[in-house]
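To keep things clear, I will list the structure first and then write my remarks on it.
Note: hydrogens, waters and symmetry copies are ignored here, and every other heavy atom, side chains too, is used.
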Amino acid sequence: MIEPARSVILELAPLWNRDRLMNAEYDLIAPFYNIEHAHFDEDLDMYSNFAELCGGKILELACGSGRVMLPLAEQGYEVTGVDNSSKMLELAREALQEAGVAARCTLIEQDISTLQLNQKFRLAFIALGSFAHITTRKEQQKVLAAARAHLSTGATFIVDISNADARYMEDLTGQVLHQGSWQHEDGSYLTHFVSPASATKKHQLELTHFYDRHQQGGTVQRTIVTTHLYLFERSEMELLLEQAGFVVKDVYGDHDLGPFDLESPRMIFIAEAR
């Protein structure tokens, strides 16, 4: 059964736990990811506003193809982006160079759980659900500790996690959802389907992604990858942040910073490094 997905922001995000995809496999879907998210801008004002409040250097963990880095650099901020996919970083580098802002950006290929940058930042963030792809408690703790180690005291850390949309997927086990279709610059068509399933482990959702590429009337080239989402509870995430050396200042339910409740589409944590 094929039905439209309620949301297209349950995207495949970079994976950082021990069960993550090999980088070579993730590199395969980088062009799909880039096209699918090229025009997603619902969270950009939020990051811009916090950048203005914080001042100083900005760190984005799991930066992908530079979707958020680019507008921040265009506004004059110095931004460092970290990702473990060379292909995603290559796309980010091309976009930053094309926009003429590469000089204000640093791209680093590293695992964010073992981050070693030897500098401090005033603002750091993990955008659009990437943190939920870290599915073991040990790795979650390592990532948050690494983020804290790279922030000066009083700096701001933002973690954006999918809430209602992820739980909506829990009830659709075995179904195939159409996430979207786009036309590539070479004339080919790209389509993303996702099939959710409740994982055998508690608090996890398994997503099988089908990325199809085809020319009109031609054969379909399919790339299949499987990812996992950890389904966080608010109190659970607050405790993890506090244990890592943060004070949770606010929790919002959307990118317009509306109040959070159980039905909110997002769960956005604003924390301060203590």
Side-chain angles (χ1 to χ4, degrees), residues 11-23 26 43 47 50-51 54-69 72 77-86 88-89 92 105-162 203-204 227-234 236-251 267-274:
E11 78 295 324
L12 174 66
L15 308 182
W16 305 96
N17 59 9
R18 290 181 179 177
D19 297 324
R20 67 176 179 252
L21 294 170
M22 295 297 289
N23 287 355
Y26 188 79
D43 57 351
Y47 291 114
F50 276 102
C54 296
K57 298 178 180 179
I58 300 172
L59 171 64
E60 181 179 5
L61 303 176
C63 67
S65 56
R67 179 187 64 85
V68 184
M69 288 184 67
L72 290 174
Y77 296 104
E78 185 177 339
V79 189
T80 295
V82 182
D83 203 283
N84 69 346
S85 168
S86 60
M88 295 294 277
L89 291 174
C105 299
T106 302
L107 296 172
I108 297 173
E109 186 176 346
Q110 275 191 34
D111 187 320
I112 61 173
S113 68
T114 56
L115 198 60
Q116 296 287 340
L117 301 182
N118 299 315
Q119 60 177 305
K120 301 281 189 178
F121 299 83
R122 291 298 304 165
L123 171 65
F125 59 88
I126 305 177
L128 208 56
S130 294
F131 187 69
H133 288 272
I134 307 168
T135 58
T136 69
R137 180 68 77 228
K138 182 178 179 180
E139 291 297 308
Q140 292 164 359
Q141 292 170 330
K142 287 173 65 176
V143 169
L144 295 179
R148 174 62 189 91
H150 288 82
L151 289 169
S152 55
T153 300
T156 298
F157 182 46
I158 304 173
V159 184
D160 174 13
I161 298 172
S162 180
H203 299 312
Q204 286 190 37
T227 66
H228 294 83
L229 284 178
Y230 189 93
L231 302 175
F232 285 100
E233 301 293 340
R234 173 177 176 168
E236 180 181 19
M237 189 64 197
E238 287 177 324
L239 181 59
L240 282 171
L241 286 165
E242 290 168 2
Q243 291 174 336
F246 294 98
V247 176
V248 177
K249 308 297 287 186
D250 292 292
V251 182
M267 187 160 49
I268 302 171
F269 295 87
I270 311 299
E272 180 182 296
R274 63 169 188 258

Assess whether side-chain contact (heavy atoms from CB on, under 4.5 Å) is satisfied between Leu117 and Ile108, documenting all intermediate values. CA-CA 9 Å; Leu117 301 182; Ile108 297 173; 3.2 Å; yes

Check whether any side-chain heavy atom of Gln204 sits under 4.5 Å from a side-chain heavy atom of Leu231, and report yes or no. no

Going by atom types alone, do Glu139 and Tyr230 pair a side-chain donor with an acceptor below 3.5 Å? no

Within a strict 4.5 Å, meaning less than it, do heavy atoms of the Ile268 and Val159 side chains meet? no

Set of salt bridge (Lys or Arg N to Asp or Glu O under 4.0 Å) partners for Glu272, sequence neighbours left out: none

Strictly distance-based, threshold 3.5 Å: is any side-chain N or O of Asp83 a donor or acceptor partner for the main-chain N or O of Gly64? yes

Is any side-chain heavy atom of Arg137 closer than 4.5 Å to one of Leu240? yes

Quick one: does Ser85's side chain have a donor or acceptor within less than 3.5 Å of a partner on Met88's backbone? yes

Is the shortest distance from a Lys or Arg side-chain nitrogen in Lys142 or Asp111 to a carboxylate oxygen in the other one below 4.0 Å? no

Report the C-alpha distance between Asp250 and Val248 in whole Å, list the side-chain angles of each, state the deciding distance to 0.1 Å, and finish with yes or no for side-chain contact (heavy atoms from CB on, under 4.5 Å). CA-CA 6 Å; Asp250 292 292; Val248 177; over 6 Å; no

Checking the side chain of Glu242 only, and the main-chain atoms of Leu239 only, is there a donor and an acceptor separated by less than 3.5 Å? no

Please report the C-alpha distance between His150 and Leu115 in whole Å, then the side-chain angles of each, then the deciding distance to 0.1 Å, and finally whether the side-chain contact (heavy atoms from CB on, under 4.5 Å) criterion is met. CA-CA 9 Å; His150 288 82; Leu115 198 60; 3.8 Å; yes

Selection residues 152-162 - residue pairs positive for salt bridge (charged side-chain N to carboxylate O under 4.0 Å, His left out), sequence neighbours left out: Asp160-Arg266

The test is side-chain contact (heavy atoms from CB on, under 4.5 Å); show your working for Phe246 and Leu151 and say whether it passes. CA-CA 10 Å; Phe246 294 98; Leu151 289 169; 3.7 Å; yes

Keeping the roles fixed (side chain from Arg148, backbone from Ala244), state whether a donor-acceptor pair exists under 3.5 Å. no

Can you confirm whether or not the ring centre of Tyr47 sits under 6.0 Å from the ring centre of Phe125? yes

Examine Phe131 together with Phe232 and report whether their ring centres are nearer than 6.0 Å. yes

Is it true that Arg122 and Glu78 make a salt bridge, defined as a side-chain N closer than 4.0 Å to a carboxylate O? no

